[in-house]
Chemist: 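A single structure is presented below for examination.
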Amino acid sequence: MRRYTGKDQKLTGRQKVSLLVQLGREARPIWKWLLLSCFLCVIIIVCAVLGPKLTGNVTNIICAWWNDHATGAPVGPLVQTIFPTLLVLLGVYAIGAVFRWLNMYLMNNVVSHHFTCTIRIRMSDKIRKLPISYLDETPVGQILERMTDDVSATGNTIHRLLDILMQGFLQILFIAVALLLEDWRLGLIVLITTPLSILLSLKISGYSGKYFRAMFRQNAQMYSVVEENYTNFATTKAYNLEENALEKHRAVNREVQKAQENSVFISGLVQPIITLVNALTYIAVNLVGGYLAIKGLVPVGTVVTVVLFARQFSAPLEQIADGFGQMQHTIAAANRVFQFLAEPEEDPRQGAVHPETVKGEVEFRHVAFSYREDQPLIRDLSFRAQPGQTVAIVGPTGAGKTTIVNLLMGFYDIAKGEIYIDGRPMSQMNRDEARELFSMVLQETWLFRGTVADNVAYGRPGATREEIMRACDESYCDHFIRTLPQGYDTVIGDETTTLSGGQKQLLTIARAVLADRRLLILDEATSNVDTRTEILIQKAMDKLMKHRTCFVIAHRLSTIVGADRILVIRDGDIVEQGTHKELLKQNGFYAALYRSQYDKG
């Protein structure tokens with residue numbers, strides 16, 4: 001059953017609060033910087049409050065001079081009186097601008113960095129701890145989308161939210177007090193519209209939440225489609241399905257566009273509505289203030305101060321309204337990130353493993369396993385491999401061959417029974433250390449982007465260049481490596497086209513040779529290669545298998561005729577076992593499989 005179905009349930013108010021609390025916990029390592037940001041916000045707001053007050057004082061001074069000017073008052077005293085106030089006013093705005101820049105720099109470089117880099121590192125570490133079953137059941141595109149878009153949305157908006165909400169609410173508080181102190185009548189006109197603005201903001205931003213969830217869901221789907229198309233690009237071109245793939249991408253992209261348009265449109269309604277409410281506030285303040293000034297009940301400077309305060313009061317309201325819309329975006333993204341971080345981790349198990357003392361005896365004792373509870377696969381599997389033996393596992397597709405290897409590697413936990421290594425239960429061994437007993441050469445080769453030497457040394461990072469070259473020589477790949485442009489320092493990758501499939505397979509065999517572990521798992525490494533390369537691969541594998549306990553998943557039965565024991569699996573059970581000759585004499589299921597591959601008549 002998939003853990004992520006592509007559907008995001010609507011979050012309740014309690015769940016949203018819980019997510020915000022969790023985001024708060026994430027901010028604990030940077031609490032000192034947040035306190036500094038609060039201090040900067042107070043300075044910025046004090047400057048914002050002083051600016052209109054000083055402007056009102058300048059206005060009153062000019063009005064007083066104008067009244068005196070009618071009787072011939074000189075200009076000199078006006079300049080002497082107003083100049084210091086203007087200097088202070090300019091200084092206040094300059095200080096406010098500098099501290100605003102410092103606060104923005106702090107939020108962008110400290111807060112945003114913490115919420116993006118730190119969480120991405122945690123998610124990368126989380127992937128390492130997740131069970132194979134999660135990665136098998138979850139499309140890669142959805143994981144990538146969470147690590148990129150969701151983390152970016154969380155990190156890039158959280159610092160804006162902190163800045164907007166923290167500074168905005170403080171600014172509203174300071175200006176509200178200043179308004180009432182300046183003139184309570186005009187102040188009430190401004191303050192009475194505040195609840196209406198906030199209620200509209202909350203209502204609209206809450207409605208936009210479902211569209212942000214839909215946007216993230218469609219983004220995840222688009223990531224999956226893009227990843228699928230480019231991973232299988234050669235197959236798409238081979239079947240001339242480029243137009244089909246393009247149309248599929250267009251369809252998903254249209255859904256993404258529709259979801260983005262809806263979310264942006266709804267959240268974008270907030271600011272114009274708030275602007276309209278504030279415009280009505282300006283009209284009311286000017287009408288009432290003008291009337292009071294004409295009647296001589298308030299100075300003109302007071303009206304100017306209140307109008308400027310009203311403008312400053314509306315700015316944080318618009319920012320807070322926009323912040324509530326962004327909060328829906330952040331909550332939707334953070335929810336998906338924290339869901340991923342909360343996924344159950346693989347039990348590491350306890351118990352040290354000492355590889356140098358392991359002889360290589362492996363026993364399955366009454367093992368039962370199923371991927372789904374209602375569909376049992378392995379019911380009662382028992383067999384033993386002696387140290388140094390080669391055990392081949394054969395059977396039709398879906399019989400459970402790869403599942404046996406997955407259980408042996410600890411990728412899945414068994415339902416019943418036990419697996420023993422040298423008589424010791426694997427359930428009592430540290431999972432990571434137990435895996436270090438095994439080397440694997442699979443049918444599907446995997447090379448990462450790096451040099452040839454780095455790829456060969458993947459299972460043993462500290463290997464010297466001489467050890468790497470010796471392992472490649474034993475694996476019959478040293479000769480073609482030296483023909484590459486930079487030899488062992490040539491950069492290759494899984495998508496490299498300059499190496500054939502057989503050459504890539506020889507490199508993975510060299511990787512296993514260098515790792516030099518007691519237990520070996522082979523998954524038909526000679527399939528899909530030419531005859532000459534197959535001979536080289538088989539010779540390299542024969543060397544690799546010496547003195548090791550080997551488990552070979554066989555598709556072509558000719559490759560395991562020399563195995564010490566062949567297990568014939570059907571529907572998760574061992575139906576036959578023995579050597580190649582013994583099984584042919586039994587003339588049973590194995591013999592029928594063998595004849596179906598090699599009888600020409």
Side-chain angles (χ1 to χ4, degrees), residues 355 358-365 367 381-396 399-409 419-423 426 434-443 459 471 474-476 505-506 508-527 529 534-570 573-586 588-591 593-594 597-598:
V358 172
K359 298 177 181 178
E361 180 187 59
V362 178
E363 181 183 2
F364 278 62
R365 190 180 298 174
V367 170
L381 182 66
S382 297
F383 70 89
R384 177 179 294 177
Q386 298 296 336
Q389 276 191 336
T390 296
V391 176
I393 306 171
V394 303
K401 303 185 297 296
T402 302
T403 299
I404 293 175
V405 170
N406 287 338
L407 297 180
L408 189 60
M409 290 294 296
I419 301 174
Y420 297 86
I421 295 181
D422 288 357
M426 285 192 68
R435 286 172 185 160
E436 292 182 2
L437 300 173
F438 295 86
S439 290
M440 298 182 72
V441 180
L442 305 178
Q443 182 178 359
E474 291 182 21
S475 305
Y476 303 100
Q505 192 64 273
L506 288 171
T508 63
I509 293 174
R511 183 187 290 168
V513 170
L514 183 62
D516 192 23
R517 295 171 179 176
R518 288 293 304 144
L519 300 164
L520 178 65
I521 294 172
L522 301 172
D523 184 0
E524 194 55 82
T526 60
S527 61
V529 297
E534 180 181 355
I535 294 172
L536 287 177
I537 292 175
Q538 194 61 56
K539 288 171 66 177
M541 288 173 57
D542 290 341
K543 282 186 178 181
L544 178 62
M545 294 167 68
K546 285 183 179 179
H547 311 301
R548 291 182 174 88
T549 305
C550 303
F551 296 87
V552 182
I553 298 176
H555 304 284
R556 289 192 287 183
L557 303 185
S558 62
T559 62
I560 48 94
V561 294
D564 297 300
R565 178 181 297 181
I566 299 173
L567 305 178
V568 185
I569 307 295
R570 183 167 61 178
D573 296 320
I574 298 176
V575 295
E576 295 174 5
Q577 60 178 306
T579 64
H580 174 71
K581 291 182 178 180
E582 291 171 350
L583 292 173
L584 287 180
K585 286 181 180 179
Q586 291 179 22
F589 187 63
Y590 177 83
L593 283 176
Y594 189 80
Q597 290 188 12
Y598 300 104

Chemist: Can L437 and I421 be said to form a side chain to side chain contact (heavy atoms under 4.5 Å, CB included), step by step?
Modeler: CA-CA 10 Å; L437 300 173; I421 295 181; 4.0 Å; yes
Chemist: Is there a side-chain contact between D573 and L381, using heavy atoms and a 4.5 Å cut-off?
Modeler: no
Chemist: Which residues satisfy the side chain to side chain donor-acceptor pair (under 3.5 Å) test with R518, sequence neighbours excluded?
Modeler: none
Chemist: Could you give the distance from OG1 (T403) to NZ (K401), rounded to the nearest 0.5 Å?
Modeler: 9.0 Å
Chemist: Can you tell if the side chain of T579 reaches within under 4.5 Å of the side chain of L583, non-hydrogen atoms only?
Modeler: no
Chemist: What pairs with R435 under side-chain contact (heavy atoms from CB on, under 4.5 Å), at least two apart in sequence or on another chain?
Modeler: E346, M409, F411, R431, D432
Chemist: Who passes side-chain contact (heavy atoms from CB on, under 4.5 Å) against V575, sequence neighbours left out?
Modeler: V568, R570, F589
Chemist: For D564, enumerate each residue passing the side-chain contact (heavy atoms from CB on, under 4.5 Å) test, keeping only those at least two apart in sequence or located in another chain.
Modeler: Q389, T390
Chemist: side-chain contact (heavy atoms from CB on, under 4.5 Å) with E361: which residues, sequence neighbours excluded?
Modeler: R384, Q386, P387, D422
Chemist: In Å, rounded to the nearest 0.5 Å, how long is the span from OG of S439 to CD1 of I509?
Modeler: 11.5 Å
Chemist: Show the atom names and distances, to 0.1 Å, of all donor-acceptor pairs under 3.5 Å that link a side chain in residues 539-546 to residues at least two apart or in another chain.
Modeler:
| unit_1 | atom_1 | unit_2 | atom_2 | d |
| --- | --- | --- | --- | --- |
| D542 | OD1 | Q538 | NE2 | 3.4 |
| K543 | NZ | Y476 | OH | 3.4 |

Chemist: Does the side chain of K581 reach to within under 4.5 Å of the side chain of L584, using non-hydrogen atoms?
Modeler: no
Chemist: For T508, check side chain to side chain donor-acceptor pair (under 3.5 Å) against everything at least two apart and list the hits.
Modeler: Q505
Chemist: My understanding is that only residues two or more places apart in sequence, or in another chain, count here; which of them pass ring pair (Phe, Tyr, Trp, His ring centres under 6.0 Å) with F383?
Modeler: F364
Chemist: Would you say I566 and V394 make side-chain contact, with heavy atoms under 4.5 Å?
Modeler: yes
Chemist: Could you grab the distance from atom CG of L519 to atom CZ of F438, nearest 0.5 Å is fine?
Modeler: 4.5 Å
Chemist: Got a sec, which residues hit ring pair (Phe, Tyr, Trp, His ring centres under 6.0 Å) with F551, two or more places apart in sequence or on another chain?
Modeler: none
